[in-house]
There are 2 protein chains.
Amino acid sequence: MSTDLFSTYGDLLDRTARKVKQYAQRRFNAENYDITVDQWLILRNLNQNNDLNQSQLAEITDKDHPTLTRIIDLLCKKGLTERRIHPADRRSFNVHLTELGKHHVAEWSPKMAEIRMKAWENLTEADYKNLKRILDTIYKNLDGVKSEGTDKV
Amino acid sequence: MSTDLFSTYGDLLDRTARKVKQYAQRRFNAENYDITVDQWLILRNLNQNNDLNQSQLAEITDKDHPTLTRIIDLLCKKGLTERRIHPADRRSFNVHLTELGKHHVAEWSPKMAEIRMKAWENLTEADYKNLKRILDTIYKNLDGVKSEGTDKV
DNA sequence: TAATAATAGTTAGTGTGACAAATATCGGAA
DNA sequence: TTCCGATATTTGTCACACTAACTATTATTA
């Protein structure tokens, strides 16, 4: 494969991901939803699977632990989640979506879906499937190669 | 189009872009290249088009101005670039790739290309073209809608 | 049981992104 | 010439990503 042709896919991905996030955030702000895109990701996952501990939540949402710690801090400050001590393991917490949290997820979900759909104008379901396949392949190609060539570090 | 099907493309994009960046950064570190992925993007663009001012550079690289200011600060600290006063406009600088900067671009480029290619295993040129078309369409769909619905903000 | 390893989570440091506001300068109109 | 709206860059603040180091707790095992 030609090296040149593929040389900038990383920048392309980066700039598109940023655009998507930025667009969503602006729409959130416009609706006076006091929430960030990443915080919403956590809420959405908690809504489907409440009372996970932070490690499980980090796994599901592809966030690293320090990042998740801070996001949970912010969500707790807003009263949308709370940390409940794990009955059997005092090292870990169950992250619990509060009633207020559930309320906002229910209230905001329709608009969130609408906001997301904006990106798909002029694109088809086949495009989506292709995109998903390609991105998943890229992810897998680069995943789990943490130690490769890192002997000098 | 079904709303559910497309609901998580944002997370998919975000996580893939992060993986690509993370992989590249680890390889950079493994090679003892004292540079970040975003700094490299700037260097690469300067190499093709030296002595742009920061606004032009921000435009080309899709960085906002404050971010670019800080990246240039870091590159200047490393001696890879320097700010030269614009002969006609004292508000702006020409960002100049130094000899050291040029040297590193030349030295590092082959490895950078190799690192980028890793992501494309099991994928074809047609996949790349599709990916580019889809991401560009998404970008355009969301671009220039800054003010839409932002009346409350 | 005491020492050790592994796990859950937090904190700190650096780099980046978005946004708002400040500063300096430029260019044109009154 | 002076004023005023644009332009170029910087600074400050908050949020997130990644690494490394740290605390507390649990599990292992000698």
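- Remark: R90(A) is not in phosphate contact with dA24(D), judged by side-chain N or O atoms under 4.0 Å from OP1 or OP2.
- In the set dG9(C), dC26(C), dA18(C), dG9(C) carries the atom at the smallest distance from any side-chain atom of S92(A).
- Remark: the D11(A) side chain and the T8(A) side chain contain no N/O donor-acceptor pair separated by less than 3.5 Å.
- Spacing between atom CG of N29(A) and atom P of dC14(D) amounts to 15 Å, rounded to whole angstrom units.
- Between Q25(B) and dG15(C) there is no side-chain N or O to OP1 or OP2 distance below 4.0 Å.
- Straight-line distance from the CZ atom of F93(B) to the C1' atom of dA24(C): 10 Å, rounded to whole Å.
- The interatomic distance linking I85(B) (CD1) with dA8(D) (P) rounds to 17 Å, in whole Å.
- In this structure, H86(B) places its NE2 atom 11 Å from P of dC26(C), rounding to the nearest Å.
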Please report the C-alpha distance between R18(B) and D62(A) in whole Å, then the side-chain angles of each, then the deciding distance to 0.1 Å, and finally whether the salt bridge (charged side-chain N to carboxylate O under 4.0 Å, His left out) criterion is met. CA-CA 10 Å; R18(B) 269 188 288 121; D62(A) 267 295; 5.6 Å; no
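- Side-chain proximity of R91(B) to the nucleotides dT26(D), dT16(C), dC26(C) is greatest for dC26(C).
- For L100(A), the CG atom is densely surrounded, since the number of other residues' heavy atoms within 6.0 Å is greater than 12.
- For DNA chain D, the neighbouring residues in residues 66-75 of chain B, judged by any heavy atom under 4.0 Å, are P66(B), T69(B), R70(B).
- The distance from atom CG of D62(A) to atom P of dC16(D) is 15 Å, rounded to the nearest whole Å.
- Heavy-atom minimum distance, T67(B) versus K63(B): CG2-CD, 4.3 Å.
- As rounded to whole Å, 11 Å separates atom P of dA17(D) from atom CG of D11(B).
- Distances shown here put a side-chain N or O of R26(A) below 4.0 Å from the OP1 or OP2 atom of dC19(C).
- Look at CZ on R83(B): it is 11 Å from C1' on dA8(D), rounded to the nearest Å.
- Tested against N29(B), the residues R26(B), Q25(B), R27(B) include a single side-chain hydrogen bond (donor to acceptor under 3.5 Å, both in side chains) partner, Q25(B).
- Minimum heavy-atom separation, S55(A) to H65(A): OG-CE1, 3.4 Å.
- Connection of L75(B) to F28(B) is established within a shared hydrophobic cluster, with ILVMFWY side chains joined at heavy-atom distances below 4.5 Å, either directly or through further cluster members.
- OP1 or OP2 of dG17(C) has at least one side-chain nitrogen or oxygen of K63(B) nearer than 4.0 Å.
- Within residues 35-44 of chain A, the residues approached by DNA chain D to less than 4.0 Å at the level of any non-hydrogen atom are T36(A), D38(A), Q39(A), in residue-number order.
- Atom-to-atom, NE2 of H65(B) to P of dA20(C) comes out at 15 Å; the value is rounded to the nearest Å.
- Note on ring orientation: taking the six-membered ring where Trp is involved, the planes of W108(B) and Y33(B) are parallel (angle under 30°, cut-offs 30° and 60°).
- Within residues 50-60 of chain A, no residue has any heavy atom under 4.0 Å from DNA chain D.
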Set out, in order, the CA-CA distance, both residues' side-chain angles and the distance that settles side chain to side chain donor-acceptor pair (under 3.5 Å) for N130(B) and R133(B), then state yes or no. CA-CA 5 Å; N130(B) 250 315; R133(B) 175 182 58 81; 2.6 Å; yes
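- The residue D89(A) sits close only to the backbone: its heavy atoms come under 4.0 Å of sugar-phosphate atoms, none of a base.
- For the side-chain contact (heavy atoms from CB on, under 4.5 Å) with L97(A), the lone residue among D51(A), N45(A), N50(A) that qualifies is N50(A).
- Looking at D64(B) and R70(B), no side-chain N of the basic residue comes within less than 4.0 Å of a carboxylate O on the acidic one, giving no salt bridge.
- Open room surrounds CG on D34(B); 12 or fewer heavy atoms of other groups in view lie less than 6.0 Å from it.
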